[in-house]
There are 2 protein chains.
Amino acid sequence: MNIRVLLVDDHPVVRAGLRAMLAGFPGIDVVGEASDGGAALVELSKLHVLGEPVDLVLMDLQMGSGMDGVTATAKIKAGEAGTPPPPVLILTTYDNDADILAAIEAGASGYMLKDAPPDQIRQAVVSAAAGQTALAPEVAARLVGRIRNPMPVLSGREVQLVELLATGMSNRAIARKLFISEATVKTHLVHIYAKLGVDNRTAAIAVATQRRIIRGQ
Amino acid sequence: MNIRVLLVDDHPVVRAGLRAMLAGFPGIDVVGEASDGGAALVELSKLHVLGEPVDLVLMDLQMGSGMDGVTATAKIKAGEAGTPPPPVLILTTYDNDADILAAIEAGASGYMLKDAPPDQIRQAVVSAAAGQTALAPEVAARLVGRIRNPMPVLSGREVQLVELLATGMSNRAIARKLFISEATVKTHLVHIYAKLGVDNRTAAIAVATQRRIIRGQ
DNA sequence: GCGGTAATCAACCAAAAGGTTGATCCACGG
DNA sequence: CCGTGGATCAACCTTTTGGTTGATTACCGC
């Protein structure tokens with residue numbers, strides 16, 4: 001029985017590339033495409049009622065418009081497409097802590113980088129479809145590094161704070177955005193500064209960007 | 001006579017996608033691939049001595065490693081591949097002012113976005129190979145908007161300030177580093193905030209990074 | 001169940017940053 | 001030669017951040 005894959009990426013070029021690449025591998029069939037998370041949910045449900053179940057969703061995290069990959073992953077895992085939730089394999093361009101944490105938290109089964117060689121992508125697809133976890137070597141190394149060196153590591157919430165910091169938001173704005181008090185924001189910041197070895201928000205952004213805790217662009 | 005295209009992108013997936021997409025269009029042949037700018041120059045020269053000239057280079061600007069697209073474009077236009085310089089069409093993910101300007105300055109004949117529909121890409125390839133300029137609608141709109149409403153430009157000193165800002169230095173530290181008073185630093189910052197349309201240093205860093213006034217990462 | 005960690009909030013004070021006004025000096029161009 | 005804009009500085013005041021202390025809730029692992 002072949003692995004039935006749904007592609008989700010907002011770039012037609014990338015969808016064509018994945019389709020062409022996966023077509024070269026026996027045992028893998030691309031049964032659908034979608035340009036964003038919302039379309040993916042619709043496509044999943046459509047394929048389900050047609051009796052053509054999807055074994056694996058291959059999805060980019062960053063979508064230019066429409067529902068983003070993290071949200072879509074969470075909704076798929078929650079069964080909101082009206083289907084038994086298939087594994088979701090993230091295939092994206094960047095490897096930073098924030099993206100990886102968000103994807104795993106949302107229920108992704110794997111995290112691969114787009115510049116991976118074709119065979120690595122093939123293996124990841126097969127593993128993820130079989131219910132296993134598939135991580136790119138770069139990603140795996142990051143996670144192992146975190147475990148080996150657990151002290152200077154930011155919690156998920158703290159990473160989220162740093163991301164908002166980097167957009168230039170004030171403490172008040174962050175508090176409103178996260179529905180918490182300014183006092184809590186300040187507490188988080190103090191912890192973040194201590195962990196990163198800095199004493200102000202701009203230095204925290206600089207260090208977090210350099211350590212690839214957040215993405216610098 | 002078909003248009004002979006060389007693909008340059010560090011993502012195998014994207015190269016496969018472009019190859020598959022262009023294969024569907026009559027009159028266009030992909031005659032080579034390269035994973036970065038340096039490899040592109042080598043490939044160009046190799047195809048030249050083989051008597052298989054390239055009519056168009058289709059290239060991404062951001063290459064993970066190796067020579068970046070802007071440098072490669074400039075070198076191709078300077079004839080450093082030992083060939084009559086073919087037109088270079090940029091096909092990339094982002095539409096930043098700085099990227100567009102850099103590409104055009106380096107001699108690119110066009111600037112398209114990867115999320116463009118296949119037919120738009122086809123038209124751009126044909127136009128660029130014919131020596132015309134091909135701009136994505138989003139890019140054209142940006143350039144026109146820039147002319148109509150020119151963004152205030154930071155002075156050299158101000159850019160220098162923003163660079164130091166992004167390293168996380170305090171006003172006092174910046175003052176000492178530049179041998180000026182804190183008052184002067186604050187004055188510069190006020191001007192910078194006004195020009196960038198923000199009201200604090202982190203937002204200034206975010207905007208400056210996004211506009212590629214400084215480099216992130 | 002106990003101890004650790006994460007997340008939440010409050011009050012307070014000190015330090016830094018933000019905003020305003022006004023001023024001097026210098027270089028460059030019409 | 002006079003205006004414009006860049007770079008420099010000062011005084012003053014308001015707002016935001018940073019640093020500390022202390023406390024509650026909840027979950028997780030042993």
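Below, chain A is the first sequence line, B the second, and so on; all start at residue 1.
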Indicate, with a heavy-atom threshold strictly under 4.0 Å, whether A:Ser170 touches base, sugar-phosphate, or nothing. sugar-phosphate
Among C:dG19, C:dA10, C:dA6, the nucleotide that comes nearest once only the side chain of B:Tyr193 is considered: C:dG19
Which of the following nucleotides, C:dG19, C:dA6, C:dC9, is nearest to the side chain of A:Ala183? C:dC9
Side chain of A:Glu158 only, please: which of C:dA7, C:dG19, D:dG19 is the nearest? C:dA7
Mind calculating the distance between CG (A:Leu196) and P (D:dG18) to the nearest angstrom? 13 Å
Under 3.5 Å, is there a donor on one side chain and an acceptor on the other for B:Asp60 and B:Thr92? yes
Give the rounded distance in Å between these two atoms: CE of A:Met169 and C1' of D:dT15. 18 Å
With distance as the sole test, does B:Ser127 use its side chain to make a donor-acceptor pair with the main-chain N or O of B:Ala124 at under 3.5 Å? no
What's the closest nucleotide to the side chain of B:Val190 if the choices are D:dT8, D:dG18, C:dG19? C:dG19
Any side-chain N or O of A:Asn200 below 4.0 angstrom from OP1/OP2 of D:dG18? no
Spacing of B:Ile180 atom CD1 relative to D:dA10 atom C1', expressed in whole Å: 14 Å
Have a look at B:Asn171 and tell me which of B:Arg201, B:Arg176, B:Glu182 forms a side-chain hydrogen bond (donor to acceptor under 3.5 Å, both in side chains) with it. B:Arg201
Tell me: CG of B:Leu189 to P of C:dA17, nearest whole Å? 9 Å
For B:Leu178 and D:dC9, what is the distance between atoms CG and P respectively, to the nearest whole Å? 10 Å
Would you tell me if any nitrogen or oxygen in the side chain of A:Asn171 comes within less than 4.0 Å of OP1 or OP2 on D:dT16? no
For A:Thr184, report the nucleic acid contact type (base, sugar-phosphate, nothing); a contact means any heavy atom under 4.0 Å. base
Where the side chain of B:Asp199 is defined as all heavy atoms beyond and including C-beta, which of C:dG19, C:dA17, D:dG6 is the nearest nucleotide? C:dG19
Main-chain N/O of B:Asp10 paired to B:Asp36 side chain as donor or acceptor, under 3.5 Å: no
Using a cut-off of less than 4.0 Å, is there contact between a side-chain N or O of A:Arg201 and OP1 or OP2 of C:dA16? no
Side chain to side chain contact (heavy atoms under 4.5 Å, CB included) with A:Val185: of A:Leu178, A:Val190, A:Ile174, only one passes, and it is A:Ile174
Nearest whole Å is fine: how far is C:dA16 P from B:Glu182 CD? 8 Å
Euclidean distance, atom CZ of residue B:Phe179 to atom C1' of D:dC9 [Å, nearest integer]: 18 Å
Just checking, any donor-acceptor pair under 3.5 angstrom between side chains of B:Thr184 and B:Ser181? yes
Whichever of A:His191 and A:Lys186 has the more 5' nearest nucleotide on DNA chain C, that residue is A:His191
Whole-Å gap separating P (C:dG18) and CZ (A:Arg172): 15 Å
Look at the side chain of A:Thr187 and decide which nucleotide, out of C:dA10, D:dG6, D:dC9, has an atom nearest to it. C:dA10
Nearest to the side chain of B:His188 - C:dG18, D:dT8, C:dT8? D:dT8
